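Keep in mind that the numbers below use all heavy atoms, side chains included, and drop hydrogens, waters and symmetry copies. Remember, predicted model here, so these are calculated numbers, not experimental data. The first residue in the sequence is number 1, and the count goes up from there.
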Amino acid sequence: MAVSLSVAELMHKPAVVVSEGITLAAAAQVLDQANVGAAAVLDGAGRLVGMVSERDLLRSVGHSIDPATTSVSDVMTRDPVTLSISDPVSTAMQLFRDRRFRHLPVLDGSKVAGVLSIRHVVRVAQIEEVRPAGSAPSGLAPRGLEGVAVAETSVGDVRGEEGFFHYRGYNAVDLARQCSFEQVWHLLVNGELPSPSELANFSARTVAARRLPEGVADLLRQIAALPNYTPLAALRSAVSLTASALGTQPTLDLSPEQTRSDCLRLAALVPVLLMRLHRHHRGMSVVDADPDLGYAAAYLHMLTGTRPEPGAARALEQYLILTMDHGFNSSTFTSRVITSTGSDIGSALTGAIGALAGPLHGGAPSRALAMLDAIGTPDRAEEYLRAEIQAGQRLMGFGHRVYKTDDPRSTLLREVATELGGAQVDFARHVESTALRVLEELKPGRRLYTNVEFYAGVVMNSVGIPRDMFTPTFACSRTVGWTAAIAEQAANNRLIRPSALYTGPPPPRPLPDGYARVATDGPAASLLSR
């Protein structure tokens, strides 16, 4: 993107506008006819007073607001941030990234001249990187796409600067404190917290969905006996073959209702698959999911063969709720990319599990415990931590790509771990306080905080989950978030197909002299140099 490009060159013009007094139904018709995602809202004197978007209209429907009688002024964003027609696109991009806007009104003096959408900016072949003043443009989005919005979602969001994340508008930590796994599962996949009757019906459906399809049970035994077995890799294979056994179809050919139904079936089966694999591999008889137990308690029951104590089941349940979803993380993005091709749900989940297998994404809880093991005793904590930090080593369980303050998941899991109690919990708290003090001393000005992995490992270890099952347990809860993202992508799909900036030898390159296609004696042909 050229630095000199102005918003006036990319915005939708003339601006689509509505008056603040028209109904939501009328506004929806205006947006639909103009094929835009947002409109500027004007008062009787023609002054800009707000913005209304498709997301506002959809959110109002989700809250049972009557679009035929409710006016735009009741749901619009008042006093919106504006751009000037002379502003460079880099200014708009900074606002899109920092404030998470999707549409910005563009003013020519006091008159609304147009509306700039983030889609207008993304359509430009090369996204301008936000960079220090005076540095050369790279022509690329930031490495890792950091700060680049690539889609819209109503599932949830993370506000790293604030230390806050939510599921469909509800504080995720509050949900973990007060709700059951099934209640939050219903929220993520259906959009709202369930009433008592809805919860009973939903829970019954999830229990019924735990039944393995024909032929899968014997195959799980074979997977568990493979050499170089690891639980997460085995789960990935099991999900793939189970989806095949269920006959999952391309989401492109499914109704939204069927997509959600298939998502629920697979999400309910993932812990069943994992525990069967685990017990087969350990040479133990399998334990069927108890229909009288909720998700978390049934999980521990299938793992150990005994009904868990309520405190242990609740501790695990709170961890599982906290890890259901977390914005556009790598594995969620992977699931949406695969779904965008129209592929089946099993393929999307298999790809997501593959992304989660990376230590930088899902594999840190056991590594945080390994650090505690390496420290050994409280009196060695400071010496060990100083040596690691001074050697430039990363402390597992500290720092986060998104959070620049306390990770809210870690804050609650610290409380959960403390309630469980035990020597390891006391030791972990000592190591945490020592690490934060040493980090502040050795890295002044660079605040690092405990992240979710640090106490996640402590909690899972305390309720009896083996270390090699930490990340697979994470995968079970995250499957709920993945399926919510899959259903959302399928319902409003567009193939995700970004571009890359080529950096190889300048094309076209001539073939070397004498280089020709030569047939071999076999069925293949090769290029040979003479």
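- Applying side-chain contact (heavy atoms from CB on, under 4.5 Å) to Trp185 and the options Asn190, Thr206, Leu320 leaves one that passes, Thr206.
- Ring pair Phe328/Phe333 is tilted by interplanar angle, where 30° to 60° counts as tilted.
- The minimum heavy-atom distance linking Val459 with Ala315 is given by the pair CG1-O, 4.1 Å.
- Sorted by first then second residue, the salt bridge (charged side-chain N to carboxylate O under 4.0 Å, His left out) pairs that include residues 416-433, not counting sequence neighbours, are Arg414-Glu432.
- For the pair Asp218 and Arg221, the salt-bridge criterion is met [side-chain N within less than 4.0 Å of a carboxylate O].
- Using modelled atom types, one side-chain atom of Arg265 and one backbone atom of Ala209 make a donor-acceptor pair closer than 3.5 Å.
- Judged as a side-chain contact (heavy atoms from CB on, under 4.5 Å), and not counting sequence neighbours, the contacts of Ser195 are Ser197, Glu198.
- Judged by distance alone, with hydrogens and angles left aside, the side-chain atoms of His301 form no donor-acceptor pair with the main-chain N or O of Ala289 at under 3.5 Å.
- Within the 3.5 Å criterion, the main-chain N or O of Phe181 finds a donor-acceptor partner in the side chain of Glu317.
- The shortest side-chain heavy-atom distance between Leu293 and Tyr299 does not fall under the 4.5 Å cut-off.
- Using a 4.5 Å heavy-atom cutoff, the side chains of Asp290 and Arg307 are in contact.
- Taking every heavy atom of both residues into account, Ala428 and Val458 meet most closely at CB-CG2, 3.9 Å.
- Here the options are Asp174, Leu187, Val480, the test is side-chain contact (heavy atoms from CB on, under 4.5 Å), and the partner is Tyr167; only Leu187 passes.
- For Arg260 against Val189, the heavy-atom pair with the smallest separation is CD-O, 3.6 Å.
- Atom CG of Leu385 sits about 12.0 Å away from atom CD of Glu441, to the nearest 0.5 Å.
- Heavy atoms from other residues, nucleotides or ligands lying under 6.0 Å from CD of Gln390 number more than 12.
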> Please walk me through it: do Val155 and Thr332 pass side chain to side chain contact (heavy atoms under 4.5 Å, CB included)?
Replying inline: CA-CA 11 Å; Val155 176; Thr332 298; over 6 Å; no

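- Leu495 contributes atom CG, which lies 7.5 Å from atom CG of Asn493 (distance to the nearest 0.5 angstrom).
- Remark: the backbone N or O of Ser330 is paired with a side-chain donor or acceptor of Thr334 at under 3.5 angstrom.
- Checked against salt bridge (charged side-chain N to carboxylate O under 4.0 Å, His left out), Arg205 has no partners two or more places apart in sequence or in another chain.
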Which donor-acceptor pairs under 3.5 Å do the side chains of residues 230-246 make with protein atoms, sequence neighbours left out?
residue	atom	partner	partner atom	Å
Ser237	OG	Ala233	O	3.4
Thr242	OG1	Ala238	O	2.7

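- Side chains of Val173 and Thr411 form no contact here, defined as non-hydrogen atoms less than 4.5 Å apart.
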> Taking it one step at a time, do Leu266 and Thr483 satisfy side chain to side chain contact (heavy atoms under 4.5 Å, CB included)?
Replying inline: CA-CA 9 Å; Leu266 279 167; Thr483 52; 5.6 Å; no

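- Without hydrogens or angle criteria, Arg159 side chain to Phe165 main chain gives no donor-acceptor distance under 3.5 Å.
- Taking 4.5 Å as the limit, some side-chain heavy atom of Tyr319 sits within range of a side-chain heavy atom of Leu316.
- Across all non-hydrogen atoms, the minimal contact from Ala417 to Tyr455 is CB-CD2, 4.1 Å.
- Within 6.0 Å of the CD atom in Glu309, the count of heavy atoms belonging to other residues, nucleotides or ligands does not exceed 12.
- Considering only heavy atoms from C-beta on, Met460 stays 4.5 Å or farther from Phe474 through its side chain.
- Annotation: Arg437, atom CZ; neighbour count of heavy atoms from other residues, nucleotides and ligands within 6.0 Å is above 12.
- Residues Ile338 and Ile486 are not in side-chain contact: their nearest non-hydrogen atoms beyond the backbone lie 4.5 Å or more apart.
- Asp262 and Gln258 share a side-chain donor-acceptor pair at under 3.5 Å.
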>> If you apply the rule side chain to side chain contact (heavy atoms under 4.5 Å, CB included), what do you find for Val150 with Arg336, and how did you get there?
In response: CA-CA 11 Å; Val150 297; Arg336 291 189 69 132; over 6 Å; no

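- Side chain of Gln183 to backbone of Leu199: no donor-acceptor contact under 3.5 angstrom is found.
- Residues Leu274 and Cys476 approach most closely at CD2-SG, 3.7 Å, considering heavy atoms.
- Looking only at side-chain heavy atoms (C-beta outward), Pro271 and Thr479 stay at 4.5 Å or farther from each other.
- Residues Ser477 and Tyr295 are not in side-chain contact: their nearest non-hydrogen atoms beyond the backbone lie 4.5 Å or more apart.
- In this structure, Thr251 contributes its side chain and Ser343 its backbone to a donor-acceptor pair below 3.5 Å.
- A distance of 8.0 Å separates CG in Leu175 from OH in Tyr170, rounded to the nearest 0.5 Å.
- For residues 275-284, every residue pair satisfying the side-chain hydrogen bond (donor to acceptor under 3.5 Å, both in side chains) rule, not counting sequence neighbours, is listed here: Arg276-Asp288.
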>> Evaluate Asn461 against Phe470 for side chain to side chain contact (heavy atoms under 4.5 Å, CB included), listing each step before the verdict.
In response: CA-CA 8 Å; Asn461 190 62; Phe470 284 2; 4.0 Å; yes

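- Going from atom OG of Ser331 over to atom CH2 of Trp482 covers 5.0 Å, rounded to the nearest 0.5 Å.
- Between Gly346 and Thr350 the shortest heavy-atom distance is O-OG1, 2.7 Å.
- More than 12 heavy atoms of other residues, nucleotides or ligands shown are found within 6.0 angstrom of CD on Glu415.
- For Asp379, the side-chain contact (heavy atoms from CB on, under 4.5 Å) partners at least two apart in sequence or on another chain are Thr377.
- Between Phe427 and His430, the ring planes lie parallel to each other; the angle is under 30°, not in the 30° to 60° tilted range.
- Checked by atom type and distance alone, the side chain of Glu488 pairs as donor or acceptor with a backbone atom of Ser154 at under 3.5 Å.
- Annotation: the span from Thr259 atom OG1 to Leu264 atom CG amounts to 12.5 Å, rounded to 0.5 Å.
- Side chain of Ser203 to backbone of Ala200: no donor-acceptor contact under 3.5 angstrom is found.
- Looking at Gln318, its side chain does come within 3.5 Å of a backbone N or O of Ala176 through a donor-acceptor pair.
- Taking CD of Glu388 as the reference point, atom CE of Met371 lies at 8.5 Å (rounded to 0.5 Å).
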